[in-house]
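Model, not experiment: these values are computed from the prediction. Positions are given from 1 along the sequence.
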Amino acid sequence: MSEVAGYDYDLLVIGAGSGGVRAARMSAAKGASVAIVEDLYLGGTCVNVGCVPKKLYAYASHFHSAFDDASGFGWQLPGEARFEWATLRDNKTSEIKRLNGIYQRLLETAGVNLYNGRARLNSEHSVVITDQQGDEQHVTAERILLATGGWPWVPTFPGNEHALTSNQIFDLERLPERFLVLGGGYIAVEFASIFNGLGSESHLIYRGNLFLKGFDNEVREFTRQEMDRQGVHLHFDTNIETIEKTDTGYQVALSNGDTLEVDAVLAATGRRANVSGLGLESVDLSLNEQGKLSVNERFETEVPSILALGDLIDTPELTPVAIAEAMQLADHHFGGPAPAPLDYTRVPTAVFCHPNIGTVGLSEEAAREQFGAIRVYRTDFRAMKHTLSGSQERTLMKLVVDDATDVVVGAHMVGDDAGEVIQGIAIAVRAGLTKRDFDNTVGIHPTGAEEFVTMRTPSRR
């Protein structure tokens, strides 16, 4: 029980995703009495219908090209490789159940009370929790943290009820032979690649002229070329007009006049703050122009006793960002001296398409706008592996440098294991190291990553 008179807990967290669980555990470790409420699944989107299953499916999709590459190295498979969707799907489900159990044990070990049900704000310090049987329970807390994340959004058009979302795509009864994804962000690009690698005829439909808006333009164009090389059918400057169910699948009419017959349509058209039924109106809270909750540096909303983090606020919608915010929140409210503000400008990220994208810091375009004079170092090449595999796949590596200070302000890669490589480079970018520091670092040979410390001549200024 909370030491604060009249409250059941010091902190009540609504939502047991990555951010909510971390905030609950860290606050409890600092001596706070904490409870957490979840009505779907422990671990939230990332563990159950996001990062984790997506990465497992991405691994599965890469085996197709790996089998093709093997013959150049002397490996002869006994026959044509055959993929079983049900095996991947069911093994994924087993792994997620294991992770759900780990999350529950982490909360129990930390002394956090878990309520299974749906929470609705009742006042500035209280919630009503409704369990699966419909029974209600009132719980009070000095602080209430909203950590309910995002929820997939599907645009309105005739037949949109036939479109799947990322919440459903992992558990299809069978692998679609013809697959279409609508959208141009992380999820759309990744699933177009994943299903292509698993053997589906894969189409990506995007209303803009190029996907991955906000990424470095050269990275976007290079990725387009490589995905096209891999066999993904890319349809830009177009949109879905209608979807009609047929005896053999779905007929999708496009705004450019084309029609596609497919077996499944994924709408990867964005996510919105998951606040439906949360009771924001009961405490006079509303979403801002960005569709998010406004918070200060302590993650307090306009109602100081109600906090928010992760995909509910206007910061990068990434699991590690929500976790970092949770650590900050616990320090602000239960940990003594206030921590330094989070730096959102140098957050590394990866897109697990084929080939992978890894990036940290500023794009070339953003760096030119911010600094004016910059130097760009870039290289693209066939990786050593493909000198024998026969694959024509290429790798792009790129550094963006502020000319006045020599500081590396952006690093970008498209190629195998780009996320793994950029995670290490991100430390250097976060630390503000210079191009001279990169040049003075001895590379590991032979690796692709050594290119980041061997590019000496600017490609352009």
Name each donor-acceptor pair under 3.5 Å that joins a side chain in residues 36-44 to protein atoms two or more places apart or in another chain, with its distance.
from, atom 1, to, atom 2, distance (Å)
Glu38, OE1, Ala16, N, 2.7
Glu38, OE2, Leu40, N, 2.8
Asp39, OD2, Arg118, NH1, 2.9

May I have the list of side-chain donor-acceptor pairs in residues 352-360 shorter than 3.5 Å, sequence neighbours left out?
from, atom 1, to, atom 2, distance (Å)
His354, NE2, Glu393, OE1, 3.4
Asn356, ND2, Cys353, O, 2.7
Thr359, OG1, His412, ND1, 2.5

In a table with atom names and distances, give each donor-acceptor pair under 3.5 Å that connects a side chain of residues 202-213 to protein atoms at least two apart or in another chain.
from, atom 1, to, atom 2, distance (Å)
Ser202, OG, Ala192, O, 2.8
His203, ND1, His235, NE2, 2.9
His203, NE2, Glu201, OE2, 2.8

Can you give the donor-acceptor pairs under 3.5 Å from side chains of residues 101-110 to other protein atoms, not counting sequence neighbours?
from, atom 1, to, atom 2, distance (Å)
Gln104, NE2, Glu108, OE2, 3.2
Thr109, OG1, Arg105, O, 2.8

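Side chains of Arg82 and Glu84 form a contact here, defined as non-hydrogen atoms less than 4.5 Å apart. Using a 4.5 Å cut-off on side-chain heavy atoms (C-beta onward), Val400 and Leu362 make no contact.
Classification of Lys398 and Asp380 as a salt-bridged pair fails, no side-chain N sitting under 4.0 Å from a carboxylate O. Using a 4.0 Å cut-off between charged side-chain N and carboxylate O, Lys435 and Asp406 make no salt bridge. Salt-bridge formation is not detected for the pair Glu365/Arg368: no Lys NZ or Arg NE/NH1/NH2 atom is positioned less than 4.0 Å from an Asp or Glu carboxylate oxygen.
Among residue pairs with one or both ends in residues 60-69, those qualifying as salt bridge (charged side-chain N to carboxylate O under 4.0 Å, His left out) are Asp69-Lys385; sequence neighbours excluded. Residue pairs meeting the salt bridge (charged side-chain N to carboxylate O under 4.0 Å, His left out) criterion with at least one partner in residues 21-30, sequence neighbours excluded, are Lys30-Asp331. Residue pairs meeting the salt bridge (charged side-chain N to carboxylate O under 4.0 Å, His left out) criterion with at least one partner in residues 260-276, sequence neighbours excluded, are Arg178-Asp263. For the salt bridge (charged side-chain N to carboxylate O under 4.0 Å, His left out) condition, the pairs that include at least one residue of residues 316-326, sequence neighbours left out, are Lys292-Glu317.
With sequence neighbours excluded, the residues that form a ring pair (Phe, Tyr, Trp, His ring centres under 6.0 Å) with Phe179 are Phe195. In this structure Arg436 satisfies the salt bridge (charged side-chain N to carboxylate O under 4.0 Å, His left out) test with no other residue, sequence neighbours excluded. Residues meeting the ring pair (Phe, Tyr, Trp, His ring centres under 6.0 Å) test with Phe452, sequence neighbours left out: none. Looking at residues two or more places apart in sequence or on another chain, you find no side chain to side chain donor-acceptor pair (under 3.5 Å) involving Thr269.
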